[in-house]
Chemist: 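One structure coming up, written as structure tokens, with questions to follow.
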Amino acid sequence: MDVAVVRSDLIDEQEALDRIISGISLSDWDLDTASPGWSVADQIAHLAYFDNAAALAIASPDEFQESVQRLLEMYSRGEDAEDAILSPYRAMRPGELLEAWRDGRRNLAEKSRSLSADSRVVWYGPSMGSKSFLTARLMEVWAHGQDILDAIDLKREETDRLHHIAQLGFITRSWSFINRGQEPIDTPVKVILKSPSGETWEFGPQGAEESVSGSALDFCLVVTQRRNLKDTSLEVFGSAAVEWMKIAQAFAGPATDGPEPH
């Protein structure tokens, strides 16, 4: 898939969340979300910060790496780097915060125009190919959007943009184990998903005896750790597939566990 398609879908996903956020009440911005200590406003603040960080990583890799080093130094001193990231946004009123996020998105959209299929972008871990980089941003806005939707008790109309997240969830299977210091299981697993539009998406070798099947939405919720496997209708066959789904993590950062079943 062309990097321009991923970029366009990222922008569409951001705008879809913007339409939801624009319609909520002022009190909704203060609601707690599933992320400990984070409100709805904090979720938007997180997206605003990292959209700007992503734009900086594309346009000025050296300056971006300096910003990463400053955060690492804060961690080493025992300071709250997360609060340092969010505190400027926490001082904003909801309308100001929404505009700050829009500015961050525009910044990222402008800087990402320069990306080609063979571009690589420095990031907090290893550098990433341009398509993977923008896919990760799309996954972030969708997943944090889910946190917001859960907090305000709303549902959204899902689209086939989920394909990007489902594919990312599949290709990060080994990463989910490595990130926990575990040896990846090399047993082949195929993934068969029904898309929001009714198409069938398949990932992995057709001859694999183990499988994960069901709705693309459920799969994306599990690999982004927004739902426990037991709270979905996914059908998982085989021990390797089960072990993967129990720890699936499609995003970078320290290993984390998904929510407990409801």
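These values consider heavy atoms only, across backbone and side chains, with no hydrogens, waters or symmetry-generated copies.
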Chemist: Between the main-chain N or O of Leu108 and the side-chain N or O of Ser112, is there a donor-acceptor pair closer than 3.5 Å?
Modeler: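 Yes, Ser112 side chain to Leu108 backbone: donor-acceptor pair under 3.5 Å.
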
Chemist: Please confirm whether Arg173 makes a cation-pi placement over Trp175, using NZ or CZ under 6.0 Å from the six-membered ring centre and within 45° of the ring normal.
Modeler: no

Chemist: For Phe64, give me all partners under ring-ring contact (aromatic ring centres under 6.0 Å, His included), at least two apart in sequence or on another chain.
Modeler: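 ring-ring contact (aromatic ring centres under 6.0 Å, His included) check on Phe64 returns Trp123, Tyr124.
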
Chemist: CG of Leu138 to CZ of Arg7: how many Å apart, nearest 0.5 Å?
Modeler: 13.0 Å

Chemist: When you measure from the side chain of Asp42 to the backbone N and O of Ser39, does any donor-acceptor pair fall under 3.5 Å?
Modeler: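 Present.
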
Chemist: Would Val122 and Phe133 count as a side-chain contact (heavy atoms from CB on, under 4.5 Å) here? Give the steps.
Modeler: CA-CA 9 Å; Val122 298; Phe133 184 76; over 6 Å; no

Chemist: One pair to check against side-chain contact (heavy atoms from CB on, under 4.5 Å): Lys194 and Thr200. What are the steps and the verdict?
Modeler: CA-CA 5 Å; Lys194 186 68 69 175; Thr200 298; 3.3 Å; yes

Chemist: With ring centroids as reference points, do His144 and Phe251 lie under 6.0 angstrom apart?
Modeler: no

Chemist: Test of understanding: clusters of I, L, V, M, F, W, Y form through side-chain heavy atoms closer than 4.5 Å, transitively. Do Phe237 and Trp201 belong to the same one?
Modeler: no

Chemist: Please answer whether the main-chain N or O of Asp83 pairs with a side-chain N or O of Ser87 as donor and acceptor at a distance below 3.5 Å.
Modeler: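 Yes; at least one donor-acceptor contact below 3.5 Å.
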
Chemist: Could you tell me whether Lys111 and Asp51 have a side-chain N and a carboxylate O separated by less than 4.0 Å?
Modeler: no

Chemist: Check whether any side-chain heavy atom of His46 sits under 4.5 Å from a side-chain heavy atom of Tyr89, and report yes or no.
Modeler: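 No; the side chains remain at least 4.5 Å from each other.
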
Chemist: Less than 6.0 Å separating the ring centroids of Trp142 and His164?
Modeler: no

Chemist: Look at Lys246 together with Glu243 and state whether they make a salt bridge at an N to O cut-off of under 4.0 Å.
Modeler: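 Counted as a salt bridge, because a side-chain N and a carboxylate O are separated by less than 4.0 Å.
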
Chemist: Which heavy atom of Glu210 sits nearest to which heavy atom of Ala240, and what is that distance?
Modeler: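 Here Glu210 and Ala240 meet closest at OE1-N, 2.8 Å.
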
Chemist: Which heavy atom of Met74 sits nearest to which heavy atom of Asp80, and what is that distance?
Modeler: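 Taking Met74 first and Asp80 second, the nearest heavy atoms are CE-O, 4.0 Å.
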
Chemist: Looking only at atom types and distance, does a side-chain atom of Gln225 sit under 3.5 Å from a main-chain N or O of Ala248, one as donor and one as acceptor?
Modeler: yes

Chemist: Kindly give the heavy-atom pair with the smallest separation between Ile11 and Ala109, and that separation in Å.
Modeler: CD1-CB, 4.0 Å

Chemist: Picking from Asp147, Asp218, Asp150, what satisfies salt bridge (charged side-chain N to carboxylate O under 4.0 Å, His left out) with Arg227?
Modeler: Asp150

Chemist: Just by distance, with hydrogens left out, do Asp160 and Ser197 show a side-chain donor and acceptor under 3.5 Å apart?
Modeler: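 Yes, because at least one side-chain N or O of Asp160 sits under 3.5 Å from a partner of the opposite role on Ser197.
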
Chemist: Just so I know, are the side chains of Phe170 and Trp244 near enough to count as touching, which here means a heavy-atom distance under 4.5 Å?
Modeler: yes

Chemist: Hydrogens and angles aside, do His163 and Glu199 bring a side-chain donor and acceptor to less than 3.5 Å of each other?
Modeler: no

Chemist: Does atom CZ of Arg180 have more than 12 heavy-atom neighbours, drawn from other residues, nucleotides or ligands, at distances under 6.0 Å?
Modeler: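 Count over threshold, so yes.
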
Chemist: To the closest 0.5 Å, what do you measure between CD (Gln14) and CG (Leu47)?
Modeler: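 Between Gln14 CD and Leu47 CG, I get 8.0 Å after rounding to 0.5 Å.
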
Chemist: Tell me yes or no: between the side chains of Ser119 and Ser116, is some donor less than 3.5 Å from an acceptor?
Modeler: yes

Chemist: Between Arg105 (side chain) and Asp103 (backbone), is there a donor-acceptor pair under 3.5 Å?
Modeler: no

Chemist: Please tell me whether Glu82 and Trp38 have a donor and an acceptor in their side chains that are separated by less than 3.5 angstrom.
Modeler: yes

Chemist: Hydrophobic cluster membership, with links at side-chain heavy-atom distances under 4.5 Å among I/L/V/M/F/W/Y: are Ile178 and Val189 in one?
Modeler: no

Chemist: Within the side chain of Glu202, is there an N or O that forms a donor-acceptor pair under 3.5 Å with the backbone of Ile192?
Modeler: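 No, the answer is negative, given that no donor and acceptor are paired below the 3.5 Å cut-off.
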
Chemist: So do the side chains of Leu193 and Ser215 get within less than 4.5 Å of each other, counting heavy atoms only?
Modeler: no

Chemist: Can you find a heavy atom in the side chain of Trp29 that is under 4.5 Å from one in the side chain of Arg93?
Modeler: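 No, side chains not in contact.
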
Chemist: Strictly by modelled atom types, are Gln43 and Thr33 linked by a side-chain donor-acceptor pair under 3.5 Å?
Modeler: yes

Chemist: Determine whether a donor-acceptor pair (N or O, by modelled atom type, separation under 3.5 Å) exists between the side chain of Asn179 and the backbone of Ser176.
Modeler: no

Chemist: Taking all non-hydrogen atoms of both residues, which atom of Ser22 and which atom of Leu98 are closest, and how far apart?
Modeler: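 Result for this residue pair: OG-CD2, 3.8 Å.
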
Chemist: Nearest 0.5 Å, what's the CZ-OG distance between Arg137 and Ser132?
Modeler: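 Rounded to the nearest 0.5 Å, the CZ-OG separation comes to 13.5 Å.
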
Chemist: Roughly how far apart are Glu66 CD and Glu63 CD, rounded to 0.5 Å?
Modeler: 6.5 Å

Chemist: Once you round to the nearest 0.5 Å, how far does CE of Met92 lie from CZ of Arg90?
Modeler: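 The distance works out to 12.5 Å.
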
Chemist: Taking all non-hydrogen atoms of both residues, which atom of Leu97 and which atom of Ala41 are closest, and how far apart?
Modeler: CD2-O, 3.3 Å

Chemist: Distance check, rounded to the nearest 0.5 Å: Leu149 atom CG versus Leu154 atom CG?
Modeler: 6.0 Å

Chemist: One thing to verify: whether Asp2 and Lys131 come together as a salt bridge, which I'm taking to mean a side-chain N less than 4.0 angstrom from a carboxylate O.
Modeler: no

Chemist: Kindly indicate, with the supporting measurements, whether the criterion side-chain contact (heavy atoms from CB on, under 4.5 Å) is fulfilled by Ser114 and Ile58.
Modeler: CA-CA 8 Å; Ser114 66; Ile58 295 168; 3.8 Å; yes

Chemist: Would you name the heavy atoms of Arg161 and Asp9 that are closest together and state the gap between them?
Modeler: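 Minimum heavy-atom contact is CD-O, 3.3 Å.
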
Chemist: Can you tell me if Gln249 uses its side chain to pair, donor with acceptor, with the backbone of Pro254 under 3.5 Å?
Modeler: yes

Chemist: Salt bridge (charged side-chain N to carboxylate O under 4.0 Å, His left out), that's the test. Do Arg70 and Glu73 meet it? Break it down for me.
Modeler: CA-CA 5 Å; Arg70 288 193 294 271; Glu73 290 171 356; over 6 Å; no

Chemist: Find out if a path of hydrophobic residues (ILVMFWY) with successive side-chain heavy-atom gaps under 4.5 Å connects Tyr75 to Val68.
Modeler: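 No, it is not one cluster - the side chains of Tyr75 and Val68 are not joined through contacts under 4.5 Å.
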
Chemist: State, without any angle test, whether Ser213 and Ser211 hold a side-chain donor-acceptor pair at a distance under 3.5 Å.
Modeler: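 Result is no, nothing qualifies.
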
